[in-house]
Number of protein chains: 2
Amino acid sequence: MSKRILISDIAKSLGVSVTTISFILNGKAKEKRISDALTNRVLEYVKKVGYKPNQLAQSLRTGQTKILGLLVEDISNLFFANIAKHIEESSYASGYHLLYCSMGNDTVKARELIQLFYDRQVDGFIITPTEGLEDVVALLLKNNVPVVLFDRYIPQVETNYVVSDNFNGSFRATKHLLENEDNRRIGFVSLYSDQTQMRDRMDGYMKALDQYQRQAYIKKIQIDEQEDIAMAQIFEFIEDNKLDAVLFATNYLAITGLKVNKKYGKLPAMVAFDDHTLFKLHEPAISVVSQRIETIAEELVKVLLRQIRNPQADVKHIVVPCDLKIRDSSTAKIK
Amino acid sequence: MSKRILISDIAKSLGVSVTTISFILNGKAKEKRISDALTNRVLEYVKKVGYKPNQLAQSLRTGQTKILGLLVEDISNLFFANIAKHIEESSYASGYHLLYCSMGNDTVKARELIQLFYDRQVDGFIITPTEGLEDVVALLLKNNVPVVLFDRYIPQVETNYVVSDNFNGSFRATKHLLENEDNRRIGFVSLYSDQTQMRDRMDGYMKALDQYQRQAYIKKIQIDEQEDIAMAQIFEFIEDNKLDAVLFATNYLAITGLKVNKKYGKLPAMVAFDDHTLFKLHEPAISVVSQRIETIAEELVKVLLRQIRNPQADVKHIVVPCDLKIRDSSTAKIK
DNA sequence: CATTTTTGCTAAAAGGTTTTAATAGTGGTC
DNA sequence: GACCACTATTAAAACCTTTTAGCAAAAATG
């Protein structure tokens, strides 16, 4: 580990040229017709002295950093944290490391970070595109930087993405609620957001209602709304419309919903989008549409590496099914 | 963004040497007596063409990557995910980026990653040391690589660390339980682990019991124990000893405890270490010893950057207080 | 045996910065 | 007018690889 040893040191010690060693280390011995004898001698020596090439020099020369940029909305969100974990594991297995960051809903920071990571010459990007990033992503593509989006995508930009089947997840969850005859009025709580996952979740809800010819009750909350205001709005939504059941479009909204219940003691049957460690333990246990996090992460890395290795590869759109997990909150009313 | 522009291009366009431009860009214009006229001319031009230095070349030359390595036990654990978020924010503010990874309890992977990050010449490390990493961390220090540990530290290695005041957190939580006369028998559920945070939490529990001259009931669970086995053990522990209250040494153990309750309907008063989004919403709401995540993250980055900027700086040991958040689970028995 | 091909290896350029050491010019001093 | 000090700038080395282009010797070919 100490006194970094260079390829030139090895060359000197062995009385061979730097070029030869580089060829051997990069597996080009055969191709470059380096004799087996010398190849082995070098390999052995390299191992003995524990030489590790300087990544920076290597990257500077080859233009490859073996680093991927992971830009998520919020790494402290359980969904993203879990994805991040699996992405890291998959990448590690392929010799890639990850530079990460949370962008929040700060478009300026997001743009800057994409630029910064680009300047650092990451080999590819994994991004949850927040609103206002369309042009930056388009620019990356124009510069032939491999990109894969997830959780949501940008319709007007033709790039790789891996998303959950939000439509069907939502559709099935709503249908599940509709199947219970007690649930006459079923509401949907979502966010003011044009992101695809939100749109798809709403469409799924609508489709199910349409099949049963029922009225839709939809309440949208401002994205960074203060919690108590959001709570009041949800409470009012439920009260005023005398809802029997609610489908929450995100994990966080569902938690806010639970807080409403805690405070006002009033929550109808419900299903949440995205599972959460403690939903199972809640009283009653919360039914959820859960996303296949591991699959999503694996696909993300697979798609991105494919693009990195073959820049001509055609764009991939991967839709991963969701799983409806029926627990108590949707079968028995809360309290 | 396209057709990367180099410092030499600028030199040519402006009819100045590369050196001069580099000096100006690195704020050495005054020191090197570059005329103000030229300085401005260069600065303006650089801005106009949007030149960004190639980070790799820069790093290769200076040996500074402006990247920190973040090695945590498990990025999908809410505590670490939250810390990671704030670490990223603090680092970003100082112009640093983060290479992260989860090590699990895989010492081999951990060692390899530290080596790999070292090879990538990260400017410093933020690490939650898992068992078996003592020598690697010591080696980093011997090589003058800035390191700061968190969550726990390695007693035999004199390095920077930022940890919570686990002892007092645990002490106060136990004392809180002792103050309720109904709680005659108070147990402690922990892990088979020699890590400092575990030891301190146990010591705090002990100290409180000693003050009240009460018997200790301590159950340790194997670190990667299967959940159902852990559940059975906890159940048995509570049953056999007829415990009135339990302090759980970690978040996860507490959640396992809640699962025990869900399954066997039997859990005494409790306090958990580490807060969790849904603890507040649990029925009853779970009392916790919560850690000041934001403070810890900020201190980590502060201490590390300090060491990076001044390698001679003396070692810092920072202990951040915990907050006891009393909710229902410790004041009224569960069910 | 002269010529071509193959074998085994290497010198030097390239990648894009920062930094050391030096240079040419100007003004001042005795 | 010789010497020094200072100003404003720069050539070239250094950081450490990979890769292109090429060379000398040995083997194969006709």
Side-chain angles (χ1 to χ4, degrees), chain A residues 3-43 45-46 49-67 116 118-123, chain B residues 1-43 45-46 49-67 95 118-123:
Chain A
K3 289 281 173 288
R4 204 137 207 165
I5 173 168
L6 309 180
I7 213 171
S8 54
D9 297 334
I10 299 179
K12 208 171 295 169
S13 303
L14 254 43
V16 197
S17 84
V18 166
T19 311
T20 306
I21 297 179
S22 176
F23 282 152
I24 293 173
L25 290 177
N26 289 296
K28 299 187 179 166
K30 281 275 172 294
E31 175 193 343
K32 298 291 178 177
R33 292 176 306 245
I34 311 292
S35 67
D36 289 357
L38 182 53
T39 301
N40 290 331
R41 198 153 66 89
V42 169
L43 251 28
Y45 186 79
V46 162
V49 299
Y51 165 77
K52 296 270 172 62
N54 178 315
Q55 278 268 2
L56 290 170
Q58 213 164 234
S59 297
L60 176 59
R61 181 60 236 234
T62 62
Q64 290 232 311
T65 51
K66 291 277 183 179
I67 292 183
L116 285 169
Y118 176 79
D119 290 341
R120 284 196 182 278
Q121 286 166 262
V122 299
D123 292 343
Chain B
M1 219 160 182
S2 60
K3 287 284 173 285
R4 206 137 205 163
I5 172 167
L6 309 180
I7 211 172
S8 53
D9 296 334
I10 299 179
K12 208 171 294 169
S13 302
L14 253 43
V16 197
S17 84
V18 165
T19 312
T20 305
I21 296 178
S22 177
F23 282 151
I24 292 173
L25 290 177
N26 289 295
K28 298 188 181 169
K30 280 274 171 295
E31 176 193 345
K32 298 291 179 179
R33 293 177 302 245
I34 310 290
S35 67
D36 289 356
L38 183 51
T39 302
N40 291 332
R41 197 154 65 91
V42 168
L43 251 28
Y45 186 78
V46 161
V49 297
Y51 165 76
K52 295 270 171 61
N54 178 316
Q55 277 270 1
L56 289 170
Q58 212 164 235
S59 297
L60 175 60
R61 181 60 236 232
T62 63
Q64 290 231 314
T65 52
K66 292 279 184 175
I67 292 182
Y118 177 79
D119 291 342
R120 282 195 184 279
Q121 286 165 262
V122 298
D123 292 341

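A, B, ... follow the sequence lines: proteins, then strands. Residue 1 opens every chain.
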Peer 1: In whole angstrom, give the distance that lies between atom CG of B:L14 and atom P of D:dT9.
Peer 2: 12 Å

Peer 1: What distance do B:I10 atom CD1 and B:I24 atom CD1 have between them, rounded to the nearest 0.5 Å?
Peer 2: 10.5 Å

Peer 1: Considering every strand and a 4.0 Å limit on heavy-atom distances, what is the contact class for A:L38: base, sugar-phosphate, or nothing?
Peer 2: sugar-phosphate

Peer 1: Contact boundaries of DNA chain C with chain B (under 4.0 Å, heavy atoms), 5' to 3'?
Peer 2: C:dG16 to C:dT20

Peer 1: What is the distance, to the nearest angstrom, from the CD1 atom on A:I34 to the P atom on D:dA25?
Peer 2: 18 Å

Peer 1: Counting N and O atoms only, with roles assigned by atom type, does the side chain of A:S22 sit under 3.5 Å from a partner on the main chain of A:V18, one being a donor and the other an acceptor?
Peer 2: no

Peer 1: So, taking the atom named CG in B:L56 and the one named CG in A:L56, what distance separates them when rounded to the nearest 0.5 Å?
Peer 2: 6.5 Å

Peer 1: Just so I know, are the side chains of A:R120 and B:I67 near enough to count as touching, which here means a heavy-atom distance under 4.5 Å?
Peer 2: yes

Peer 1: What are the two closest non-hydrogen atoms of A:Q121 and B:N54, and how far apart are they?
Peer 2: OE1-ND2, 3.2 Å

Peer 1: Does D:dC16 have its OP1 or OP2 closer than 4.0 Å to a side-chain nitrogen or oxygen of A:Y51?
Peer 2: no

Peer 1: Pick base, sugar-phosphate or nothing for A:L60, based on heavy-atom distances below 4.0 Å to the nucleic acid.
Peer 2: base

Peer 1: For the pair made of CD in B:Q121 and P in D:dC15, what is the distance, rounded to whole Å?
Peer 2: 12 Å

Peer 1: What protein N or O atoms touch nucleotides 19-23 of chain D N or O atoms at under 3.5 angstrom, if any, and at what distances?
Peer 2:
| residue | atom | partner | partner atom | Å |
| --- | --- | --- | --- | --- |
| D:dT19 | OP2 | A:K28 | NZ | 2.8 |
| D:dT19 | O4 | A:T19 | OG1 | 3.3 |

Peer 1: Any idea which heavy atoms bring A:Y118 and B:R4 closest together, and the distance?
Peer 2: O-NH1, 4.1 Å

Peer 1: Given atom NZ of B:K30 and atom P of D:dT9, what is their separation to the nearest angstrom?
Peer 2: 12 Å

Peer 1: Rounded to the nearest 0.5 Å, what separation is found between the CZ atom of A:R41 and the CD1 atom of A:I21?
Peer 2: 9.5 Å

Peer 1: Any side-chain heavy atom of A:V42 sitting closer than 4.5 Å to one from A:T20?
Peer 2: no

Peer 1: Closest-nucleotide mapping onto DNA chain D: is B:S35 or A:L25 further toward the 5' terminus? I mean the 5' end.
Peer 2: B:S35

Peer 1: With rounding to the nearest 0.5 angstrom, report the OG1 to NZ distance, A:T39 to A:K30.
Peer 2: 6.0 Å

